[in-house]
Amino acid sequence: MQESQSLSVSQALQVAKNQLEGFTLRIVGEVSGYKGVGNYAGVYFSLTDKDSTLNCLVWRSIFESLDIELYDGMLVEAVGKFNVFPKKGTLSFSISHMQPAGEGLLRAAVAERLAKLQREGLTDSSLKKPLPEFPEKIGVVTSPQGKVIHDVIRTLNRRYPVAEVLFFGTKVEGVDAPESIAHALDVADAAGCDVILLVRGGGSYEDLLPFSSEEVAYSIARAQTPIVSGVGHEPDVTIADYVADVRASTPTGAAELVSPSSAELVGLLNSYRMSCARALKTQLNQQRHRLAVLEARNVLSDPRYLLSVPAQNIDHLKRRLDAALPQLLVRNNHQYSVLRSRMVSVGKSMLTKSEYQVARGASRLEDLSPLKILTRGYAAVFDEKGKVISSVDNVAIDEAIDVKLLDGTLKCKVSTIEKSGGLS
Amino acid sequence: MTDEAHNSPVEEMSFGESIKELEGIVALLEGGQLELEESLARYERGVTLIRSLQEKLSSAEQKVTTLLGEIEPENNPEAEEL
């Protein structure tokens, strides 16, 4: 082929096609624009890096045999050849084999993400919340499948059955795992847990990737509840471990971190019991000693000693009183006699007045007395019960009645009853 | 007992509250500054707290509440190691 020779567009592209399509290449890039398998014969997406984009195609039959779940942002290693389409003058990469990119590359991507989140302050130690000493509600965010949740519950039950375990199930693998974990964390945070365990069993570096996602990191950072991470096994470290308030190396380790040990607590309670008893005993002994010291003192051992001082005081007071009394009498004597004569005259005049009032009252009383009426020849009639009879209707023939006169009583028996028209 | 908090029924208190109060009582008794009657009252309260705490610790079964998803039984071979 000579430079001077002019080619048609088709010829030129044919040259490109011939030059490019012969090589098999291995490319590492980030998946973008993946829209699912769809109904086409090919599966289309792009591979990108910082500066470039390459359109890619996997034939559907090949794609289905790969057993790979693609998602945007996923780093993959693709083996294939270029395809040049002369009709449009475009280039694409036809993939014959594809797998998640090597761990080194993944680690580099995670490290880059961590650096970014650290710059944003998500891992600042000032944000780390202290763990509660005696949690009442322990939230566990993990997969509902597998042995991890059972291990965690067993550990908590053994160490601290006092607390309630709240379980928040989440996907821990796959494309939507980051979102699912973040959601479960948000729900756990809102559920009023005292502490949350974010745990997952061991797996490959890639298996643990959802725990290094931004979604999970932000969810941990915005939670108000302290979060303990326990993802994988030592020495696996995910971004979640950096953002969490405390990092445990395993799920069981996380459970142990948030639960005081029952056995230790029983020991503690016993030591408290002994401390209390000892303190009380000490105090009782002190009081007993004080009592013994007091008992030994003269005051208590000899009653006369106790009385001698008060007795002297009384004597002294008595002397003072004896001396003071006559003086007081003389001073008050005159005042007393004046008051006395005033009292006597007041008393007399009060008496006179009262006597008159009493006499008047008595004569009025006498006027009203029924006895006074009897002196004028009237009689009062009583039945056997001593009740006054004021009507013939209240008496029966042969009934015994008392007729009371001024100077005595007539015991009578009713022989006849004559009813008159009434007096008034 | 002057502090009202020290009169709340132990069964209504959380484990943490109970143990905090107990620690306070131990410190007070060891301080030896209380009147004998007060010491006896605190001692009695302390013993009540200890008994209630021990009962809570020995109640063996933990309460597990599931708020998202359902915990699957163990030994499901497909789900090992998750």
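Below, each value reflects all heavy atoms present in this structure, side chains not excepted, and no hydrogens, waters or symmetry copies. So you know, we letter chains A, B, ... as the sequences are listed, proteins then strands, and number each from 1.
Using a 4.5 Å cut-off between heavy atoms, A/E164 touches chain B through backbone and side chain atoms alike. Of the two parts of B/E70, only the backbone, made up of N, CA, C and O, holds a non-hydrogen atom closer than 4.5 Å to a non-hydrogen atom of chain A. Heavy atoms closer than 4.5 Å to chain A are found nowhere in B/L49, neither backbone nor side chain. Contacts of B/L22 with chain A are made by side-chain atoms alone, with heavy-atom separations under 4.5 Å and no backbone atom involved. Neither the backbone nor the side chain of B/E44 has a heavy atom closer than 4.5 Å to any heavy atom of chain A. Only the side chain of A/R154 comes within less than 4.5 Å of a heavy atom of chain B; its backbone N, CA, C and O stay farther away.
Counting heavy-atom pairs closer than 4.5 Å to chain A, the top residue among B/L67, B/T66, B/V47, B/L40 is B/L67. When the candidates A/A188, A/A163, A/P144 are compared by the number of heavy-atom contacts under 4.5 Å with chain B, A/P144 comes out ahead. Of all the listed residues (A/V266, A/I153, A/L268), the one sharing the greatest number of non-hydrogen pairs under 4.5 Å with chain B is A/I153. Taking chain B as the reference chain and counting heavy-atom pairs below 4.5 Å, the highest number among A/V141, A/L265, A/V187, A/D207 is found for A/L265.
Two residues are said to be in side-chain contact when any heavy atoms from C-beta on lie closer than 4.5 Å; B/L68 and A/T170 fail this criterion. Counting heavy atoms from C-beta on, the side chains of A/H150 and B/I71 come closer than 4.5 Å. No side-chain heavy atom of B/V64 sits under 4.5 Å from any side-chain heavy atom of A/V140. Side-chain contact check for A/N270 versus B/Q54: some heavy-atom pair is nearer than 4.5 Å. Considering only heavy atoms from C-beta on, A/F134 stays 4.5 Å or farther from B/E17 through its side chain.
Of all heavy-atom pairs between B/E30 and A/S275, the closest is OE2-CB, 3.3 Å. Taking both residues in full, the closest heavy atoms of A/L269 and B/I50 are given as O-CD1, 4.0 Å, listed atom of the first, atom of the second, then distance. Counting all heavy atoms, side chain and backbone alike, A/S262 lies closest to B/L57 at OG-CD2, 3.3 Å.
Within 6.0 Å of NZ in A/K129 there are more than 12 heavy atoms belonging to other residues, nucleotides or ligands. Around CD of A/E179, the count of heavy atoms belonging to other residues, nucleotides or ligands within 6.0 Å does not exceed 12. The number of heavy atoms from other shown groups lying within 6.0 Å of CD (A/Q99) is above 12. Atom OH of A/Y242 has 12 or fewer heavy atoms from other residues, nucleotides or ligands within 6.0 Å.
For the atom pair CD of B/E72 and OG of A/S143, the computed distance is 7.0 Å after rounding to the nearest 0.5 Å. Taken from OH in A/Y272 to CD1 in B/I19, the straight-line distance is 6.0 Å, to the nearest 0.5 Å.
Ring orientation note: the planes of B/F15 and A/Y160 are nearly perpendicular, at an angle over 60° on the 30°/60° scale.
Of the possible polar contacts, one joining the A/Q283 side chain to the B/L34 backbone as a donor-acceptor pair under 3.5 Å is found.
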